[in-house]
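Below: the structure, in structure tokens.
Source: prediction; values computed, not measured. For ligands, and for the atoms within them, numbers begin at 1 and follow the listed sequence.
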Amino acid sequence: MTPLKRVLIKKDSAIKPIWLMRQAGRYLPEFRKIRNKNQNFVKLCLNPKEVKNITLQPIKRFDLDAAIIFSDILMVPFGLGQNVEFRKNFGPFLGPISIEEIKDFDKKSFNKKLDPVYKSIRKVKDEEILKNKDLIGFVGGPWTILVYMLNRYSPKNKLRKIFSDKLLIKDMLKYINRYISLHIQNQIKSGANIIQIFDSWAGLVEDKNLDEYIYQPTKILSKVIKSFKIPCICFPRNIKNYKDYVQTIKPDAINIDYNVDPNKIIKNIKIPIQGGMDPKILLSSKKNLEKLTNYYLGVFENHPYIFNLGHGVLPQTDPNMIQYLINLVRKFNERSS
Ligand code: CP3
């Protein structure tokens, strides 16, 4: 059994595997080289040859325990015919789309538009270098995808008014979820053997709307993933009540963000936990990194835990610091085995 599956399925706390969100990304010179030659980010995500190379870059460099397919959560809006661009120093920029367009969208055209993503997964999955490692597929949570589709750029920039129209939100979530579910199934059928759901904007939802906007739609997805006997990791960023979330959605693990107190979370939830450490620590010194890494490893010593961060690796990160972090985690594993 792979290291991640030992934690996720066997609930083994004797091993602490490691992979990192955005492990393939701008902090790697070999990624920047490919990115510079491919100005259009969406097109790059649809290029199976390059996607395979990029997905394997961090594995070749660092020997992590899992690869995550190089793609983006916004490939689902793209698959639904919405224009998706990534603008320099601004981030995602989406075109307009109406609820009717989503409702009536043809599943065959969705599959066709995203076929290169599935082709990439098929190309990567049997690589020798991934022996005893997992290949993680992923989607955005229904709420987060809705936020990008309606707001059309990151809420960091500005949040549009539409978010008071409850009926529109409920209907949109229902329609969007069919395609997120399809995207999950296609990735699993192509060879992804763990699925992570990134709900980056879960923290925007008021308590009174959590059940309708987050719990119920995400529960449908976790059920789909479970029906394939594939582990499901959820990352509801900035959510307040993890206990309710876990009880309703029943994921196999929760990725925590860096605002979560690790000591509190192990008292609240019993399922495996992933991540938590602030990626900014990687911009600091080796000494600080060692201290915080050992803190997380210590708190989770007797809890099933996958080492990861509380958000993605920052572009300014020195790859040597990533290597240092991985060595620390490996050393901890040797000490406790
Ligand atoms: O983790 C991985 O290595 C796999 C690939 C991956 C990417 N995006 C590649 C990417 C994953 C899992 C994502 C998830 C994603 N994408 C999320 C959820 C996690 C989170 O960050 O909250 C979100 C919200 C998005 C949407 C998105 N894509 C944003 C906001 C941006 C801009 C970010 C920025 O720093 O400019 C992207 C672009 C993106 N997706 C990049 C990468 C490597 C950077 C693109 C570049 O090279 O310019």
Using distance alone, decide if ligand 1 has a nitrogen or oxygen within less than 3.5 Å of any nitrogen or oxygen in Trp19.
-> no
Lys113 to Phe78, cation-pi by 6.0 Å centre distance and 45° axis angle = yes
Protein contact to atom 15 (C) of ligand 1 [nearest heavy atom, distance to 0.1 Å] | Arg22 NH2, 3.6 Å
Is there any N or O on Arg26 that sits under 3.5 Å from an N or O of ligand 1?
-> yes
What distance do Ile69 atom CD1 and Gln187 atom CD have between them, rounded to the nearest 0.5 Å?
-> 8.0 Å
Within 4.0 Å of some non-hydrogen atom of Phe70, the atoms of ligand 1 are 43 (C)
How long is the gap from CD on Glu334 to CG on Asn327, to the nearest 0.5 Å?
-> 9.5 Å
Considering only non-hydrogen protein atoms, determine which one is nearest to atom 11 (C) of ligand 1 and report residue, atom name and distance to 0.1 Å.
-> Phe138 CZ, 3.5 Å
For ligand 1, which part of Met21 has a heavy atom less than 4.0 Å away: the side chain, the backbone, both, or neither?
-> backbone
For Phe86, take its heavy atoms, then give the atoms of ligand 1 lying under 4.0 Å from any of them.
-> 27 (C), 28 (N), 31 (C), 37 (C), 38 (C)
Tightest non-hydrogen contact, residues Ile15 and Pro3, listed as CD1-CB, 3.9 Å
for atom 29 (C) of ligand 1, nearest protein heavy atom and its distance come out as Pro92 CG, 3.6 Å
Among non-hydrogen protein atoms, atom 14 (C) of ligand 1 lies closest to Ile73 CG2, 3.8 Å
Closest protein heavy atom to atom 45 (C) of ligand 1, given as residue, atom name and distance to 0.1 Å | Phe41 CE1, 3.4 Å
For Thr144 and Gly141, indicate whether the former's side chain and the latter's backbone hold a donor-acceptor pair under 3.5 Å.
-> no
Is the Phe31-Phe70 ring centre distance short of 6.0 angstrom?
-> yes
Would you call the rings of Phe300 and Tyr296 parallel, tilted or perpendicular if under 30° counts as parallel and over 60° as perpendicular?
-> parallel
Check ligand 1 against Phe198 and write out every atom of the ligand that is under 4.0 Å from a heavy-atom position of the residue.
-> 12 (C), 18 (C), 19 (C)
What about Tyr148 and Phe90, same hydrophobic cluster or not, with Ile/Leu/Val/Met/Phe/Trp/Tyr joined at side-chain heavy-atom distances under 4.5 Å?
-> no
Should Ser154 be listed as contacting ligand 1, given a heavy-atom distance under 4.0 Å as the test?
-> no
Closest to atom 48 (O) of ligand 1 among Arg32, Gln23, Arg35 (heavy-atom distance) = Arg35
Residue portion contacting ligand 1 (non-hydrogen atoms closer than 4.0 Å) for Gln196 | neither
Parallel, tilted or perpendicular: which fits the ring planes of Phe235 and Phe198, with parallel below 30° and perpendicular above 60°?
-> perpendicular
Polar-atom distance check: Ser200 versus ligand 1, any N or O pair below 3.5 Å?
-> yes
For atom 27 (C) of ligand 1, state which one of Asn255, Val139, Asp72 supplies the nearest heavy atom.
-> Asp72
Below 3.5 angstrom, do we get any N/O pair linking Arg237 and ligand 1?
-> no
Can you tell me if Trp201 has a non-hydrogen atom under 4.0 Å from ligand 1?
-> no
Can the ring centres of Tyr118 and His183 be said to be less than 6.0 Å apart?
-> yes
Residue that, paired with Trp143, satisfies side chain to side chain contact (heavy atoms under 4.5 Å, CB included) out of Asn209, Thr218, Ile176, Leu204 | Leu204
Interfacing atoms of ligand 1 (cut-off 4.0 Å, heavy-atom, Phe31) | 47 (O)
Minimum-distance protein heavy atom relative to atom 24 (C) of ligand 1 = Tyr148 OH, 3.3 Å
Please determine, by modelled atom types, if Asn288 and Glu290 share a side-chain donor-acceptor pair under 3.5 angstrom.
-> no
Specify side chain, backbone, both or neither for Ser71, according to which of its non-hydrogen atoms lie closer than 4.0 Å to ligand 1.
-> backbone
Report the part of His311 (side chain from C-beta onward, or backbone N, CA, C, O) that has a heavy atom under 4.0 Å from ligand 1; answer both or neither where that applies.
-> side chain
Identified side chain to side chain contact (heavy atoms under 4.5 Å, CB included) counterpart of Gln23 within the set Ile18, Asn308, Leu309, Ile59 = Ile59
